[in-house]
Amino acid sequence: MKKILILCLSLFLFTLTACGNSKKVKELTKEDIKTYTSQMKADPLSGDITLNGVKYTLPVKAQSLVDNGWKYNDFADKGQPLKHGYYVDSIYMDDGSKSAETRITVTLYNTSGSTVKFDDAMLGAIKVEKEGDSYKNTVVLPKGITLASTYDDVIKTYGAPKVDYFKQTGWITYFISDMGAYGQELRIDFDKNTKVITSIKLKNIPKN
């Protein structure tokens, strides 16, 4: 009986420790935003984005995110060779918890002209969709736009977008070149009541 009690106590303490060590992303400070912004180009369509304190410039090797702790969430093509012309949108990545609180979606593609190893595939788009106040990922775009920014902040910072459907459906978009699978695009969705950003999708995928 004594051994059973000790075992139960050990399991309880282990559970508490595991919960206490879950990943937490600290809130952005004004100094953080200033620092990250200084590392990026001013153009919102440059492909620059800072995610959880790490700057990426799209397109980037998908392995770069893996090296920084991101994990694929049950993606069937993981580890498989990818043929020329491969293009898959809306692939889930997170911190391994498979939780919406740490989830992002990415676009993988291969326009190299030949089959490549999975680790050599390129990542050309990142979408961050805030799942309420419990969402853990932080984002900084050029000129200091974050998930806490509002519609008015974005317009003041980036100017009038190419498409503005805020009044109708709550989103705007800036883009260069075509709006198909390739090209450069920044789409931002807002809560129509608070005007605060709910999601950001940045894409920079050259045709060749």
Side-chain angles (χ1 to χ4, degrees), residues 23-60 65 70 89-95 99-107 123-206:
K23 178 184 176 183
K24 291 184 180 179
V25 178
K26 71 183 183 72
E27 293 184 7
L28 287 171
T29 65
K30 289 183 179 180
E31 193 59 35
D32 289 332
I33 296 171
K34 182 178 178 181
T35 298
Y36 301 149
T37 300
S38 70
Q39 299 169 354
M40 295 185 284
K41 296 178 181 178
D43 181 1
L45 294 173
S46 64
D48 284 354
I49 182 172
T50 296
L51 183 62
N52 294 345
V54 179
K55 178 203 166 190
Y56 302 95
T57 299
L58 304 179
V60 66
L65 270 76
W70 294 95
D89 203 357
S90 299
I91 300 167
Y92 286 156
M93 296 187 81
D94 53 45
D95 65 352
S99 166
E101 292 181 343
T102 63
R103 181 183 300 155
I104 61 174
T105 57
V106 301
T107 299
L123 186 152
I126 293 176
K127 182 179 180 181
V128 180
E129 191 166 4
K130 185 168 58 179
E131 297 287 339
D133 294 336
S134 61
Y135 192 67
K136 295 180 180 179
N137 296 321
T138 62
V139 178
V140 180
L141 294 176
K143 296 186 177 180
I145 294 298
T146 73
L147 287 171
S149 300
T150 65
Y151 169 83
D152 295 331
D153 294 332
V154 174
I155 300 302
K156 181 179 179 181
T157 303
Y158 295 152
K162 286 286 185 73
V163 178
D164 189 339
Y165 286 156
F166 175 77
K167 291 182 179 178
Q168 295 86 349
T169 52
W171 62 272
I172 65 175
T173 183
Y174 300 85
F175 64 89
I176 298 176
S177 67
D178 50 24
M179 289 290 290
Y182 304 94
Q184 296 165 278
E185 179 186 7
L186 172 60
R187 170 170 167 155
I188 303 177
D189 290 70
F190 305 86
D191 182 300
K192 288 186 68 179
N193 294 319
T194 64
K195 291 190 172 184
V196 176
I197 291 175
T198 57
S199 74
I200 293 170
K201 182 176 181 180
L202 179 65
K203 178 175 76 174
N204 188 11
I205 306 179

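Starting from 1, each residue takes its place in the sequence as its number.
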Please report the interatomic distance [atom1]([X]) to [atom2]([Y]), rounded to the nearest 0.5 Å.
X	Y	atom1	atom2	value
Lys130	Tyr135	NZ	OH	10.0 Å
Asp189	Thr198	CG	OG1	5.0 Å
Leu147	Thr138	CG	OG1	8.0 Å
Asn204	Ile176	CG	CD1	8.5 Å
Leu51	Ile200	CG	CD1	10.0 Å
Glu131	Thr102	CD	OG1	10.5 Å

Which salt bridge (charged side-chain N to carboxylate O under 4.0 Å, His left out) pairs, counting each pair once, include a residue from residues 33-59, with sequence neighbours left out?
none
Between Thr150 and Asp153, a side-chain donor and acceptor under 3.5 Å:
yes
Compute whether any side-chain donor of one residue and acceptor of the other, for Thr173 and Glu185, lie under 3.5 angstrom apart.
yes
Main-chain N/O of Phe175 paired to Lys162 side chain as donor or acceptor, under 3.5 Å
yes
Say whether, by atom type as modelled, one donor and one acceptor occur between the side chain of Tyr158 and the main chain of Pro142 under 3.5 angstrom.
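Yes: the side chain of Tyr158 pairs with the backbone of Pro142.
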Set out, in order, the CA-CA distance, both residues' side-chain angles and the distance that settles side-chain hydrogen bond (donor to acceptor under 3.5 Å, both in side chains) for Thr35 and Asp32, then state yes or no.
CA-CA 5 Å; Thr35 298; Asp32 289 332; 5.7 Å; no
Nearest heavy-atom neighbours spanning [X] and [Y]:
X	Y	answer
Arg103	Asn137	O-ND2, 3.6 Å
Lys192	Lys167	NZ-O, 2.7 Å
Ile145	Ser149	CA-OG, 3.6 Å

Do [X] and [Y] come within less than 4.5 Å of each other through their side chains, counting heavy atoms only?
X	Y	value
Thr105	Glu129	no
Leu123	Tyr56	no
Leu141	Thr157	no
Leu202	Ile126	no
Ile155	Ile172	yes
Thr107	Lys203	no

Quick one: list whatever passes ring pair (Phe, Tyr, Trp, His ring centres under 6.0 Å) with Tyr151, sequence neighbours left out.
Phe166, Phe190
Give me the one residue out of Asp95, Val54, Asn52 that meets side-chain contact (heavy atoms from CB on, under 4.5 Å) with Trp70.
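The passing option is Asn52.
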Test side chain to side chain contact (heavy atoms under 4.5 Å, CB included) on Val154 and Ile197 and set out the steps.
CA-CA 9 Å; Val154 174; Ile197 291 175; 4.0 Å; yes
